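For reference, the structure discussed in these notes is given below.
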2 protein chains.
Amino acid sequence: MQMGGGARMPAGAKSRRVYLSLLEQISAGRLEPRQKLPGEEQLAEDYGVSRVTVRRALDALAENGFLSRRAGSGTRVRPRPSAPQPVTMDFSTLLPQLVEIGRSTEVRLLSSRMDAAPEHVARALDLAPGETVQIAQRTRSIGGTAYSHLTTYVPSRIAVGISDEDLSREPLHVLLERNGVQIADARQSVSATLAGPEVASALGLPEGAALLSLDRVVRDTEGRGVEFLTGLYRPDMFRLDMSLARVDHGQGRHWEPAITPLKDTPR
Amino acid sequence: MQMGGGARMPAGAKSRRVYLSLLEQISAGRLEPRQKLPGEEQLAEDYGVSRVTVRRALDALAENGFLSRRAGSGTRVRPRPSAPQPVTMDFSTLLPQLVEIGRSTEVRLLSSRMDAAPEHVARALDLAPGETVQIAQRTRSIGGTAYSHLTTYVPSRIAVGISDEDLSREPLHVLLERNGVQIADARQSVSATLAGPEVASALGLPEGAALLSLDRVVRDTEGRGVEFLTGLYRPDMFRLDMSLARVDHGQGRHWEPAITPLKDTPR
DNA sequence: GTTAAATGTATTATCAATGATACAGCTTTC
DNA sequence: GAAAGCTGTATCATTGATAATACATTTAAC
């Protein structure tokens, strides 16, 4: 399931409603690939809107690769939405660095500055109120398409000597370890959000598209917070995969993560 | 970060733009709790829209608990958006059954029927074309609020004897094991989507809200697919947490999942 | 070929969202 | 208490989305 919302969404309220409804049915598989949709007239009646409105929704869906339309023939569900093998994060990497299959990512540094830590960051890292952090925003791209938008916060006393070039080359925790920081553990939390204007334009998505969001707090061996990361990922280009094994030891069966690298992911 | 979109969103395009922009800034922490926003007039100028439009956005944000407004005084970011301790899924459970803290979930069976497997399900479970599956849709609620919408597909030859009452009481894999199925492993994939009309109404969200989506394929000891699940979760009520440890063994340091139960999650 | 059914295109009318403006009422500050 | 700054409310003009309709064009079936 990967109905990220696509690269374009109808502006109006009703056409968007139809758009989302059809998208939901396609993603859930209730509309099979290659299946012919009801005619525009029929859909208009079903949804209680005019044909023009249905049209806007269908046009957007077609433009985003979910449908293929042919005058005279009809509108059909496209076998595979343009999904160029998404980047995956799995249990063998655990950090959202991709399973490289001969592909490499380009990093773009959008901005970096020193500033007072936002409250939720200060709380997560146990910083003194008003303490300054290095705030950097980056995008990661693959094949010229940005698939993630990262914002990192590092206490300024730790970030000394990390240059902009460093930031656009190495993962942050590598830079930190180079600085002598003893990274001990991290906590991540995955959720979902809507794309706001800034992120949307950075990732080439419409505002209001669905994004996977990941927050991470990294601590050193003394329990001090050394990095706070907030990452937003395009769901059509990034997935978090995990394999589980059902094991039976002692009292009752339960699940365990399978760390073994996954086989090919045809999906 | 948990800007799910809230329970109401402005209808128009521009007001939604402002709504999402502000929501993004609040969620990202660029607008601090208790911080006073610029006046409506100022915001209108900033965004290049009229005050009425800004107003619609602010009203919606206030209604959804992100802002508090007082005539004469101003509009402020609310200290804590209504976030009643979200349900979490972590590495000790690995399946989205919640970390129970004295709370229990209610399951509601929306529908269950036998039907031909959708193509993507048949492919994932290695079914013969046209093979029938039991399709069940359920919601899970906590404290009366639905936080997840689940659709499960079980090959009908396996699902024999699973009644509707069973479905609304037990997790599916428990029922399957009761039926003698030897569950061996599962693969899960997490992503994000937008709420379509059906799911939106089932979860009490506006259409177009962001959702965490999870697909799962469960196989038995002989590698046959026995369950396909597609789950949609409210990001403001459900998070996927994981702890990682940075370990140093042999060649180079790397990350490993920390299975140890998490401490309290104050967040 | 003819026909039926579908998408493509255009026109005009209607309605909802937005813009511009004015003013009333509440809060804080001095 | 006066002033400044803000939100709340109303009005009317304007713009954009939607509705209704008609007709052209493409495709598939017979």
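From a predicted model like this one, the values you see are computed outputs, not experimental measurements.
The interatomic distance linking Arg69(A) (CZ) with dA6(C) (C1') rounds to 10 Å, in whole Å. Rounding to whole angstrom units, CG of residue Leu67(A) and P of dT7(C) are separated by 11 Å. The NZ atom of Lys36(A) sits 11 Å away from the C1' atom of dT7(C) (whole-angstrom rounding). In this structure, the CD atom of Glu63(B) is 18 Å from the P atom of dT7(D), given to the nearest Å. In this entry the distance linking CG of Leu58(B) with C1' of dG8(D) reads 13 Å, nearest Å. Straight-line distance from the CZ atom of Arg76(B) to the P atom of dT7(D): 10 Å, rounded to whole Å. Taking atom CZ of Arg70(B) as the reference point, atom P of dT27(C) lies 6 Å away to the nearest angstrom. Here the P atom of nucleotide dT25(D) and the CD atom of Glu40(A) are 17 Å apart, to the nearest Å.
Relative orientation of the His120(B) and Phe228(B) rings is perpendicular, given thresholds of 30° and 60° on the angle between their planes.
Of all the heavy atoms in Glu198(A) and Glu24(B), the pair that sits closest is N-OE1, 3.7 Å.
No side-chain heavy atom of Thr139(A) sits less than 4.5 Å from a side-chain heavy atom of Val107(A). For the pair Leu20(B) and Leu194(A), the minimum side-chain heavy-atom distance is below 4.5 Å. Two residues are said to be in side-chain contact when any heavy atoms from C-beta on lie closer than 4.5 Å; Arg69(B) and Glu40(B) meet this criterion.
Phosphate contact (OP1/OP2 of dG8(C), side-chain N/O of Arg55(A), threshold under 4.0 Å): present. Residue Ser73(B) has no polar side-chain atom (N or O) positioned under 4.0 Å from OP1 or OP2 of dT7(D).
Position along DNA chain D of the nearest nucleotide to Ala71(A) versus Leu37(B) favours Leu37(B) as the more 5'-ward residue.
A side chain to side chain contact (heavy atoms under 4.5 Å, CB included) with Leu214(B) holds for exactly one of Thr230(B), Leu150(B), Leu229(B); it is Leu229(B).
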What nitrogen or oxygen pairs link the protein and nucleotides 17-24 of chain D at under 3.5 Å?
unit_1  : atom_1 : unit_2   : atom_2 : d
dT18(D) : OP1    : Ala13(A) : N      : 3.2
dT18(D) : OP1    : Lys14(A) : N      : 3.1
dT18(D) : OP1    : Ser15(A) : N      : 3.4
dT18(D) : OP1    : Ser15(A) : OG     : 3.4
dT18(D) : OP2    : Ser15(A) : OG     : 3.1
dT18(D) : OP2    : Arg56(A) : NE     : 2.9
dT18(D) : OP2    : Arg56(A) : NH2    : 3.0
dA19(D) : OP1    : Lys14(A) : NZ     : 3.1
dA19(D) : OP2    : Ser50(A) : N      : 2.9
dA19(D) : OP2    : Ser50(A) : OG     : 3.1
dA19(D) : OP2    : Thr53(A) : OG1    : 2.5

### Query
Taking it one step at a time, do Ser68(B) and Arg78(B) satisfy side chain to side chain donor-acceptor pair (under 3.5 Å)?
CA-CA 6 Å; Ser68(B) 82; Arg78(B) 229 198 175 88; 5.3 Å; no

